[in-house]
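Step one of this worksheet: look at the structure below.
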Amino acid sequence: MKSLRHAVALLLPALLAFAAGAAMLVFSIGRRVVTPKGRVADTEILAVDTGAQTVELTRNLDTELPGRYGLFTTGTHGYVKLGAVLSADAGRVRRKLLTKIEPGAKIDRAAGFSGWYYTSPSELHLPWEPVLIGAPAGPCPAWLFPAESSTWVIQVHGRGVTRAECLRAVPVFHALGLPALVVSYRNDGEAPRSRGGSYALGASEWRDVDAAIAYALRHGAERVILMGWSMGGAIALQTAVSSGHRDAIAGLVLDSPVVDWRSVLKFQARQSGIVDPLPALAMNALSSRLTARLSGSETAIPFDRLDMVARADELSVPILLLHSEDDGFVPADASHALAEARPDLVTMPRFTGARHTKIWNYDQTGWTAAIEEWSRANGFSASA
(Lines give C-alpha, C1' and ligand atoms only; values in the text may rest on other atoms or scores of the structure.)
Protein backbone atom coordinates (compact mmCIF):
# COMPACT_ATOMS: atom_id res chain seq x y z
CA MET A 1 0.00 0.00 0.00
CA LYS A 2 2.84 2.36 0.84
CA SER A 3 4.46 1.71 -2.54
CA LEU A 4 1.12 2.37 -4.28
CA ARG A 5 0.74 5.72 -2.49
CA HIS A 6 4.29 6.56 -3.50
CA ALA A 7 3.57 5.71 -7.15
CA VAL A 8 0.40 7.82 -7.11
CA ALA A 9 2.29 10.71 -5.55
CA LEU A 10 4.83 10.53 -8.35
CA LEU A 11 2.23 10.12 -11.10
CA LEU A 12 -0.30 12.73 -9.98
CA PRO A 13 1.79 15.83 -10.89
CA ALA A 14 2.41 14.39 -14.35
CA LEU A 15 -1.29 13.69 -14.84
CA LEU A 16 -2.21 17.18 -13.68
CA ALA A 17 0.39 18.70 -15.99
CA PHE A 18 -0.95 16.64 -18.89
CA ALA A 19 -4.54 17.68 -18.15
CA ALA A 20 -3.52 21.33 -17.91
CA GLY A 21 -1.63 21.10 -21.18
CA ALA A 22 -4.56 19.42 -22.92
CA ALA A 23 -6.93 22.09 -21.60
CA MET A 24 -4.67 24.87 -22.85
CA LEU A 25 -4.54 23.22 -26.27
CA VAL A 26 -8.34 22.96 -26.39
CA PHE A 27 -8.72 26.62 -25.42
CA SER A 28 -6.11 27.59 -28.02
CA ILE A 29 -8.08 25.81 -30.76
CA GLY A 30 -11.21 27.65 -29.64
CA ARG A 31 -9.44 31.01 -29.85
CA ARG A 32 -8.47 30.34 -33.45
CA VAL A 33 -12.15 29.98 -34.29
CA VAL A 34 -13.45 33.19 -32.71
CA THR A 35 -10.49 35.56 -32.91
CA PRO A 36 -10.46 37.92 -35.92
CA LYS A 37 -7.17 37.72 -37.80
CA GLY A 38 -5.60 39.56 -40.67
CA ARG A 39 -5.02 38.11 -44.09
CA VAL A 40 -2.70 35.10 -44.15
CA ALA A 41 0.11 34.82 -46.71
CA ASP A 42 -0.62 31.57 -48.53
CA THR A 43 1.68 31.79 -51.53
CA GLU A 44 5.03 33.29 -52.54
CA ILE A 45 5.93 35.52 -55.46
CA LEU A 46 8.81 33.78 -57.19
CA ALA A 47 9.34 36.21 -60.06
CA VAL A 48 7.81 39.29 -61.71
CA ASP A 49 8.41 40.03 -65.40
CA THR A 50 7.59 43.72 -65.88
CA GLY A 51 8.19 43.48 -69.62
CA ALA A 52 5.72 40.66 -70.21
CA GLN A 53 3.60 41.75 -67.21
CA THR A 54 3.51 38.30 -65.67
CA VAL A 55 4.02 36.94 -62.17
CA GLU A 56 5.18 33.53 -60.99
CA LEU A 57 3.68 32.11 -57.79
CA THR A 58 4.19 28.95 -55.82
CA ARG A 59 1.64 26.46 -57.06
CA ASN A 60 -1.23 25.36 -54.85
CA LEU A 61 -4.89 24.48 -55.32
CA ASP A 62 -5.87 28.16 -55.40
CA THR A 63 -3.07 29.74 -57.43
CA GLU A 64 -3.52 27.20 -60.25
CA LEU A 65 -7.22 28.05 -60.74
CA PRO A 66 -8.30 29.49 -64.11
CA GLY A 67 -10.08 32.85 -64.03
CA ARG A 68 -9.47 36.34 -62.59
CA TYR A 69 -8.23 36.84 -59.04
CA GLY A 70 -6.32 39.21 -56.81
CA LEU A 71 -3.07 39.07 -54.88
CA PHE A 72 -2.43 40.90 -51.62
CA THR A 73 1.17 42.04 -51.61
CA THR A 74 3.46 44.39 -49.72
CA GLY A 75 5.95 46.87 -51.07
CA THR A 76 5.14 49.20 -53.96
CA HIS A 77 1.73 47.57 -54.45
CA GLY A 78 -0.69 46.44 -51.77
CA TYR A 79 -2.91 44.55 -54.18
CA VAL A 80 -2.64 43.47 -57.80
CA LYS A 81 -5.12 41.77 -60.13
CA LEU A 82 -4.30 38.50 -61.82
CA GLY A 83 -5.53 37.05 -65.12
CA ALA A 84 -5.11 33.75 -66.91
CA VAL A 85 -2.70 30.96 -66.07
CA LEU A 86 -0.03 31.05 -68.80
CA SER A 87 2.05 28.07 -67.72
CA ALA A 88 2.58 25.81 -64.75
CA ASP A 89 4.85 23.05 -63.53
CA ALA A 90 4.94 21.01 -60.34
CA GLY A 91 6.04 23.91 -58.15
CA ARG A 92 5.08 27.18 -59.80
CA VAL A 93 2.37 28.94 -61.78
CA ARG A 94 2.88 31.84 -64.18
CA ARG A 95 -0.10 34.18 -64.53
CA LYS A 96 -0.88 37.33 -66.49
CA LEU A 97 -0.82 40.55 -64.48
CA LEU A 98 -3.89 42.74 -64.93
CA THR A 99 -2.41 45.48 -62.72
CA LYS A 100 0.60 47.07 -64.37
CA ILE A 101 3.81 46.76 -62.37
CA GLU A 102 6.52 49.22 -63.36
CA PRO A 103 10.22 48.31 -63.60
CA GLY A 104 11.92 48.92 -60.27
CA ALA A 105 8.80 48.26 -58.20
CA LYS A 106 9.47 46.51 -54.90
CA ILE A 107 7.25 43.48 -54.37
CA ASP A 108 7.82 41.37 -51.28
CA ARG A 109 7.87 37.60 -51.57
CA ALA A 110 4.99 36.71 -49.22
CA ALA A 111 1.53 37.19 -50.72
CA GLY A 112 -2.11 36.28 -50.20
CA PHE A 113 -4.18 34.86 -53.06
CA SER A 114 -7.69 36.33 -53.17
CA GLY A 115 -11.03 35.95 -54.90
CA TRP A 116 -12.03 39.54 -54.21
CA TYR A 117 -10.76 40.96 -57.52
CA TYR A 118 -12.30 44.39 -56.73
CA THR A 119 -11.17 46.28 -53.64
CA SER A 120 -13.00 49.60 -54.04
CA PRO A 121 -16.56 50.47 -55.15
CA SER A 122 -15.17 53.03 -57.60
CA GLU A 123 -13.73 50.15 -59.67
CA LEU A 124 -17.26 49.07 -60.65
CA HIS A 125 -18.00 52.37 -62.43
CA LEU A 126 -21.50 52.44 -60.94
CA PRO A 127 -23.18 55.15 -58.86
CA TRP A 128 -22.54 54.61 -55.15
CA GLU A 129 -22.35 56.44 -51.87
CA PRO A 130 -20.93 55.70 -48.42
CA VAL A 131 -23.53 55.39 -45.66
CA LEU A 132 -23.52 54.57 -41.95
CA ILE A 133 -25.85 51.99 -40.43
CA GLY A 134 -26.86 52.70 -36.83
CA ALA A 135 -26.38 49.15 -35.54
CA PRO A 136 -26.30 47.74 -31.99
CA ALA A 137 -22.52 47.52 -32.33
CA GLY A 138 -22.35 51.22 -33.24
CA PRO A 139 -22.14 53.03 -36.59
CA CYS A 140 -21.29 50.41 -39.23
CA PRO A 141 -20.01 51.73 -42.58
CA ALA A 142 -21.68 50.49 -45.75
CA TRP A 143 -21.70 51.16 -49.48
CA LEU A 144 -25.02 51.86 -51.17
CA PHE A 145 -25.40 51.26 -54.91
CA PRO A 146 -28.79 52.78 -55.81
CA ALA A 147 -31.16 51.43 -58.47
CA GLU A 148 -34.83 51.73 -59.28
CA SER A 149 -36.35 48.69 -57.56
CA SER A 150 -37.90 48.67 -54.09
CA THR A 151 -36.30 45.25 -53.57
CA TRP A 152 -32.85 45.79 -52.09
CA VAL A 153 -29.96 43.33 -51.86
CA ILE A 154 -28.03 43.47 -48.58
CA GLN A 155 -24.64 41.78 -48.87
CA VAL A 156 -22.77 40.29 -45.89
CA HIS A 157 -19.08 39.38 -46.14
CA GLY A 158 -17.31 36.43 -44.56
CA ARG A 159 -14.94 35.74 -41.69
CA GLY A 160 -11.56 37.46 -41.60
CA VAL A 161 -12.29 39.74 -44.57
CA THR A 162 -14.14 42.99 -45.23
CA ARG A 163 -17.08 44.14 -47.35
CA ALA A 164 -14.88 44.49 -50.45
CA GLU A 165 -15.33 40.72 -50.81
CA CYS A 166 -18.92 41.39 -51.89
CA LEU A 167 -18.22 43.84 -54.72
CA ARG A 168 -18.14 41.08 -57.34
CA ALA A 169 -21.88 40.57 -56.95
CA VAL A 170 -22.96 44.21 -57.25
CA PRO A 171 -22.96 44.40 -61.10
CA VAL A 172 -25.29 41.43 -61.61
CA PHE A 173 -27.85 42.81 -59.15
CA HIS A 174 -27.48 46.31 -60.60
CA ALA A 175 -28.21 44.90 -64.05
CA LEU A 176 -31.39 43.39 -62.59
CA GLY A 177 -32.37 46.85 -61.34
CA LEU A 178 -31.83 46.03 -57.66
CA PRO A 179 -30.14 48.45 -55.22
CA ALA A 180 -27.27 46.88 -53.29
CA LEU A 181 -26.24 47.70 -49.72
CA VAL A 182 -22.82 46.23 -48.89
CA VAL A 183 -22.47 46.20 -45.11
CA SER A 184 -19.94 45.75 -42.35
CA TYR A 185 -20.53 44.22 -38.92
CA ARG A 186 -18.94 44.14 -35.49
CA ASN A 187 -15.27 43.11 -35.20
CA ASP A 188 -14.61 42.97 -38.95
CA GLY A 189 -11.99 45.72 -38.86
CA GLU A 190 -14.29 48.40 -40.31
CA ALA A 191 -17.32 48.34 -38.01
CA PRO A 192 -16.98 48.99 -34.25
CA ARG A 193 -15.34 46.45 -32.01
CA SER A 194 -17.43 44.69 -29.38
CA ARG A 195 -16.22 44.56 -25.80
CA GLY A 196 -14.41 41.27 -26.23
CA GLY A 197 -13.59 41.74 -29.92
CA SER A 198 -14.41 38.15 -30.87
CA TYR A 199 -16.64 36.58 -33.50
CA ALA A 200 -19.89 34.96 -32.43
CA LEU A 201 -20.04 33.04 -35.75
CA GLY A 202 -23.34 34.70 -36.65
CA ALA A 203 -25.06 34.44 -33.28
CA SER A 204 -24.56 38.17 -32.55
CA GLU A 205 -23.50 39.65 -35.89
CA TRP A 206 -26.97 39.15 -37.35
CA ARG A 207 -28.20 42.07 -35.23
CA ASP A 208 -26.02 44.46 -37.23
CA VAL A 209 -27.46 43.05 -40.46
CA ASP A 210 -30.94 43.45 -39.00
CA ALA A 211 -30.13 47.13 -38.49
CA ALA A 212 -29.15 47.30 -42.17
CA ILE A 213 -32.59 45.91 -43.08
CA ALA A 214 -34.18 48.65 -40.97
CA TYR A 215 -32.04 51.22 -42.78
CA ALA A 216 -33.15 49.89 -46.17
CA LEU A 217 -36.82 49.96 -45.15
CA ARG A 218 -36.48 53.57 -43.99
CA HIS A 219 -34.90 54.55 -47.30
CA GLY A 220 -37.38 53.16 -49.78
CA ALA A 221 -37.03 49.37 -49.67
CA GLU A 222 -40.20 47.33 -49.39
CA ARG A 223 -38.44 43.98 -49.24
CA VAL A 224 -34.83 42.75 -49.12
CA ILE A 225 -32.74 39.87 -50.37
CA LEU A 226 -29.87 38.88 -48.09
CA MET A 227 -26.68 37.65 -49.74
CA GLY A 228 -24.05 36.08 -47.50
CA TRP A 229 -20.55 34.91 -48.32
CA SER A 230 -19.01 32.11 -46.21
CA MET A 231 -19.60 33.13 -42.54
CA GLY A 232 -21.78 35.87 -44.01
CA GLY A 233 -24.05 33.03 -45.10
CA ALA A 234 -24.37 31.91 -41.48
CA ILE A 235 -25.14 35.51 -40.50
CA ALA A 236 -27.75 35.85 -43.25
CA LEU A 237 -29.42 32.60 -42.18
CA GLN A 238 -29.52 33.73 -38.55
CA THR A 239 -31.02 37.03 -39.64
CA ALA A 240 -33.67 35.21 -41.66
CA VAL A 241 -34.89 33.23 -38.63
CA SER A 242 -34.31 35.84 -35.91
CA SER A 243 -35.00 39.29 -37.37
CA GLY A 244 -37.91 41.39 -36.26
CA HIS A 245 -38.06 42.42 -39.93
CA ARG A 246 -38.23 38.87 -41.25
CA ASP A 247 -41.50 39.60 -43.07
CA ALA A 248 -39.50 41.98 -45.28
CA ILE A 249 -36.91 39.31 -46.17
CA ALA A 250 -37.92 37.98 -49.59
CA GLY A 251 -35.01 35.67 -50.39
CA LEU A 252 -31.49 34.50 -49.59
CA VAL A 253 -28.47 34.10 -51.84
CA LEU A 254 -25.70 32.12 -50.15
CA ASP A 255 -22.20 31.83 -51.66
CA SER A 256 -19.98 29.12 -50.14
CA PRO A 257 -21.99 29.43 -46.91
CA VAL A 258 -21.47 28.06 -43.45
CA VAL A 259 -24.76 26.25 -42.85
CA ASP A 260 -23.59 24.19 -39.86
CA TRP A 261 -20.49 25.25 -37.93
CA ARG A 262 -19.80 21.88 -36.36
CA SER A 263 -19.25 20.15 -39.69
CA VAL A 264 -17.10 23.03 -40.94
CA LEU A 265 -14.87 23.18 -37.87
CA LYS A 266 -14.39 19.40 -37.82
CA PHE A 267 -13.36 19.50 -41.48
CA GLN A 268 -10.95 22.40 -40.94
CA ALA A 269 -9.45 20.66 -37.91
CA ARG A 270 -8.73 17.55 -39.97
CA GLN A 271 -7.16 19.70 -42.68
CA SER A 272 -4.91 21.26 -40.04
CA GLY A 273 -3.89 17.90 -38.56
CA ILE A 274 -5.84 18.40 -35.33
CA VAL A 275 -6.96 14.95 -34.23
CA ASP A 276 -10.09 13.80 -32.40
CA PRO A 277 -11.33 14.44 -29.78
CA LEU A 278 -9.75 17.92 -29.70
CA PRO A 279 -12.17 19.62 -32.16
CA ALA A 280 -15.20 18.38 -30.24
CA LEU A 281 -13.66 19.43 -26.94
CA ALA A 282 -12.88 22.89 -28.33
CA MET A 283 -16.48 23.33 -29.50
CA ASN A 284 -17.75 22.14 -26.14
CA ALA A 285 -15.53 24.71 -24.45
CA LEU A 286 -16.82 27.47 -26.73
CA SER A 287 -20.43 26.49 -26.10
CA SER A 288 -20.16 26.51 -22.29
CA ARG A 289 -20.61 29.73 -20.32
CA LEU A 290 -17.96 28.53 -17.88
CA THR A 291 -15.22 28.01 -20.47
CA ALA A 292 -16.18 30.25 -23.41
CA ARG A 293 -14.11 33.18 -22.15
CA LEU A 294 -11.10 30.94 -21.62
CA SER A 295 -11.49 30.05 -25.30
CA GLY A 296 -11.52 33.71 -26.35
CA SER A 297 -15.27 34.15 -26.81
CA GLU A 298 -17.32 36.91 -25.17
CA THR A 299 -20.27 34.59 -24.71
CA ALA A 300 -21.07 30.93 -25.22
CA ILE A 301 -21.43 29.99 -28.89
CA PRO A 302 -24.85 28.36 -29.48
CA PHE A 303 -23.83 25.73 -32.02
CA ASP A 304 -27.30 24.14 -31.95
CA ARG A 305 -28.89 27.46 -32.89
CA LEU A 306 -26.33 27.94 -35.67
CA ASP A 307 -27.13 24.54 -37.23
CA MET A 308 -29.50 25.55 -40.02
CA VAL A 309 -29.92 22.03 -41.32
CA ALA A 310 -31.55 21.13 -38.00
CA ARG A 311 -33.59 24.35 -38.17
CA ALA A 312 -34.49 24.04 -41.85
CA ASP A 313 -38.22 24.02 -41.11
CA GLU A 314 -37.94 27.59 -39.78
CA LEU A 315 -36.92 28.94 -43.19
CA SER A 316 -39.69 30.37 -45.33
CA VAL A 317 -38.21 32.20 -48.34
CA PRO A 318 -36.55 31.13 -51.62
CA ILE A 319 -32.84 30.35 -51.26
CA LEU A 320 -30.18 30.25 -53.96
CA LEU A 321 -27.24 28.14 -52.80
CA LEU A 322 -23.96 28.61 -54.69
CA HIS A 323 -21.37 26.15 -53.41
CA SER A 324 -18.56 24.43 -55.27
CA GLU A 325 -18.03 20.73 -54.66
CA ASP A 326 -14.29 21.50 -54.48
CA ASP A 327 -14.59 24.36 -51.96
CA GLY A 328 -11.71 23.03 -49.84
CA PHE A 329 -12.46 25.21 -46.79
CA VAL A 330 -16.21 25.08 -46.11
CA PRO A 331 -17.34 21.70 -47.44
CA ALA A 332 -20.60 21.62 -49.38
CA ASP A 333 -22.10 18.76 -47.33
CA ALA A 334 -24.29 20.95 -45.10
CA SER A 335 -25.42 22.98 -48.10
CA HIS A 336 -26.56 19.76 -49.80
CA ALA A 337 -28.26 18.68 -46.58
CA LEU A 338 -30.16 21.97 -46.44
CA ALA A 339 -31.17 21.60 -50.10
CA GLU A 340 -32.43 18.08 -49.38
CA ALA A 341 -34.30 19.23 -46.27
CA ARG A 342 -36.04 22.10 -48.08
CA PRO A 343 -36.32 21.27 -51.79
CA ASP A 344 -39.38 23.54 -51.85
CA LEU A 345 -37.20 26.57 -51.09
CA VAL A 346 -33.63 25.80 -52.13
CA THR A 347 -32.21 26.08 -55.64
CA MET A 348 -28.68 24.66 -55.78
CA PRO A 349 -27.05 24.60 -59.22
CA ARG A 350 -24.00 22.35 -59.43
CA PHE A 351 -20.56 23.94 -59.47
CA THR A 352 -17.27 22.06 -59.47
CA GLY A 353 -13.64 23.12 -59.72
CA ALA A 354 -13.91 26.41 -57.86
CA ARG A 355 -12.42 26.94 -54.43
CA HIS A 356 -13.92 28.75 -51.43
CA THR A 357 -15.88 31.91 -52.39
CA LYS A 358 -14.28 31.80 -55.86
CA ILE A 359 -17.12 30.57 -58.07
CA TRP A 360 -17.47 34.06 -59.63
CA ASN A 361 -13.75 34.04 -60.44
CA TYR A 362 -13.73 30.51 -61.82
CA ASP A 363 -17.04 30.52 -63.71
CA GLN A 364 -18.39 34.06 -63.88
CA THR A 365 -20.81 33.16 -66.68
CA GLY A 366 -22.40 30.26 -64.82
CA TRP A 367 -22.45 32.10 -61.49
CA THR A 368 -24.09 35.18 -63.04
CA ALA A 369 -26.64 33.10 -64.95
CA ALA A 370 -27.64 31.27 -61.75
CA ILE A 371 -28.38 34.55 -59.96
CA GLU A 372 -30.20 36.03 -62.93
CA GLU A 373 -32.39 32.96 -63.46
CA TRP A 374 -33.24 32.63 -59.77
CA SER A 375 -34.01 36.35 -59.43
CA ARG A 376 -36.32 36.38 -62.44
CA ALA A 377 -38.01 33.12 -61.44
CA ASN A 378 -38.87 34.63 -58.06
CA GLY A 379 -40.03 37.98 -59.42
CA PHE A 380 -37.11 40.00 -58.04
CA SER A 381 -35.81 41.49 -61.28
CA ALA A 382 -36.81 45.07 -62.09
CA SER A 383 -35.19 44.93 -65.54
CA ALA A 384 -36.87 43.80 -68.74
Side-chain angles (χ1 to χ4, degrees), residues 33 39-40 42 60-63 65-70 112-118 153-170 172-173 182-183 185 188 199 201-202 205-206 209 225-240 251-268 271 306-309 315 319-340 346-371 374:
V33 174
R39 181 163 296 278
V40 176
D42 55 10
N60 60 42
L61 293 174
D62 285 297
T63 61
L65 289 170
R68 297 184 297 163
Y69 300 88
F113 194 79
S114 167
W116 288 17
Y117 195 71
Y118 303 108
V153 178
I154 297 177
Q155 285 208 65
V156 188
H157 67 79
R159 181 182 184 277
V161 298
T162 62
R163 57 198 157 126
E165 175 181 52
C166 305
L167 290 172
R168 288 166 285 177
V170 171
V172 63
F173 288 116
V182 182
V183 304
Y185 53 80
D188 70 356
Y199 290 128
L201 307 184
E205 294 87 351
W206 73 265
V209 177
I225 298 167
L226 300 180
M227 180 173 188
W229 301 72
S230 191
M231 187 176 92
I235 297 171
L237 285 163
Q238 290 301 301
T239 309
L252 300 174
V253 178
L254 307 175
D255 189 304
S256 313
V258 176
V259 176
D260 168 29
W261 274 106
R262 287 192 182 99
S263 63
V264 171
L265 295 178
K266 287 175 183 176
F267 173 83
Q268 293 179 357
Q271 296 296 103
L306 296 173
D307 181 352
M308 290 309 302
V309 176
L315 296 167
I319 300 170
L320 176 61
L321 247 169
L322 307 167
H323 209 146
S324 174
E325 300 300 321
D326 306 288
D327 183 291
F329 190 70
V330 173
D333 304 37
S335 290
H336 282 294
L338 180 59
E340 291 168 7
V346 176
T347 300
M348 188 174 178
R350 180 173 173 80
F351 289 99
T352 60
R355 301 277 289 169
H356 186 57
T357 66
K358 296 180 178 71
I359 303 174
W360 177 92
N361 311 79
Y362 182 86
D363 182 8
Q364 184 177 350
T365 299
W367 183 92
T368 300
I371 292 177
W374 177 84

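Just so you know, residue 1 is the first one in the sequence shown, and it goes up from there. Both backbone and side-chain heavy atoms feed into the values below; hydrogens, waters and symmetry mates do not.
In this structure, Thr347 OG1 and Ile319 CD1 are separated by 9.0 Å, a value rounded to the nearest 0.5 Å. A distance of 8.5 Å separates CE in Met348 from CG in Leu322, rounded to the nearest 0.5 Å. Between the CG atom in Leu201 and the CG atom in Leu306 there is a gap of 6.5 Å [rounded to 0.5 Å]. Interatomic distance, Leu338 CG to Asp307 CG, rounded to the nearest 0.5 Å: 10.0 Å. To the nearest 0.5 Å, atoms CG (Leu252) and CH2 (Trp374) are separated by 7.0 Å. To the nearest 0.5 angstrom, Asp333 atom CG is 10.0 Å from Asp327 atom CG.
Counting only distance, with no hydrogens or angles, the side chain of Tyr199 and the backbone of Gly160 share a donor-acceptor pair below 3.5 Å. For His323 (side chain) and Val330 (main-chain N/O), a donor-acceptor pair under 3.5 Å exists by modelled atom type. When atom types are taken as modelled, the side chain of Asn60 and the backbone of Asp42 share a donor-acceptor pair closer than 3.5 angstrom. Looking only at distances, a side-chain donor or acceptor of Arg159 sits under 3.5 Å from a matching main-chain atom of Val33.
Across every non-hydrogen atom of His356 and Ser230, the tightest pair is NE2-OG, 2.8 Å. Residue Gly115 comes nearest to Tyr69 through the heavy atom pair CA-CD2, 4.2 Å, listed as atom of the first residue, atom of the second, then distance. Closest of all the heavy-atom pairs between Gly158 and Tyr185 is O-OH, 3.1 Å. Here the closest heavy-atom approach between residue Gly202 and residue Ile235 is recorded as CA-CG1, 3.7 Å. Counting all heavy atoms, side chain and backbone alike, Tyr362 lies closest to Thr352 at CE2-O, 3.3 Å. Closest heavy-atom contact between Ser324 and Ala354: OG-O, 2.6 Å.
Inter-residue side-chain proximity for Leu226 and Trp206 is flagged as unmet; no heavy-atom pair is nearer than 4.5 Å. Using a 4.5 Å heavy-atom threshold, the side chains of Trp229 and Arg168 count as touching. No side-chain heavy atom of Gln155 sits less than 4.5 Å from a side-chain heavy atom of Glu165. Using a 4.5 Å heavy-atom cutoff, the side chains of Arg355 and Asn361 are not in contact.
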Assess whether side-chain contact (heavy atoms from CB on, under 4.5 Å) is satisfied between Lys358 and Asp62, documenting all intermediate values.
CA-CA 9 Å; Lys358 296 180 178 71; Asp62 285 297; 3.5 Å; yes
One pair to check against side-chain contact (heavy atoms from CB on, under 4.5 Å): Phe173 and Ile371. What are the steps and the verdict?
CA-CA 8 Å; Phe173 288 116; Ile371 292 177; 3.7 Å; yes
Using the side-chain contact (heavy atoms from CB on, under 4.5 Å) rule, take Arg350 and Glu325 through it: C-alpha gap first, then chi angles, then the decisive distance, then the call.
CA-CA 8 Å; Arg350 180 173 173 80; Glu325 300 300 321; 3.5 Å; yes
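Checked against Ile225 for a side-chain contact (heavy atoms from CB on, under 4.5 Å), the options Val153, Ile154, Leu320 give a single hit: Val153.
Figure legend: Arg68 and Tyr117 shown as a cation-pi pair, the cationic atom lying under 6.0 angstrom from the six-membered ring centre and within 45 degrees of its axis.
A donor-acceptor contact under 3.5 angstrom links the side chains of Trp367 and Asp255, judged on distance only.
For residues 227-237, there are no salt bridge (Lys or Arg N to Asp or Glu O under 4.0 Å) pairs, not counting sequence neighbours.
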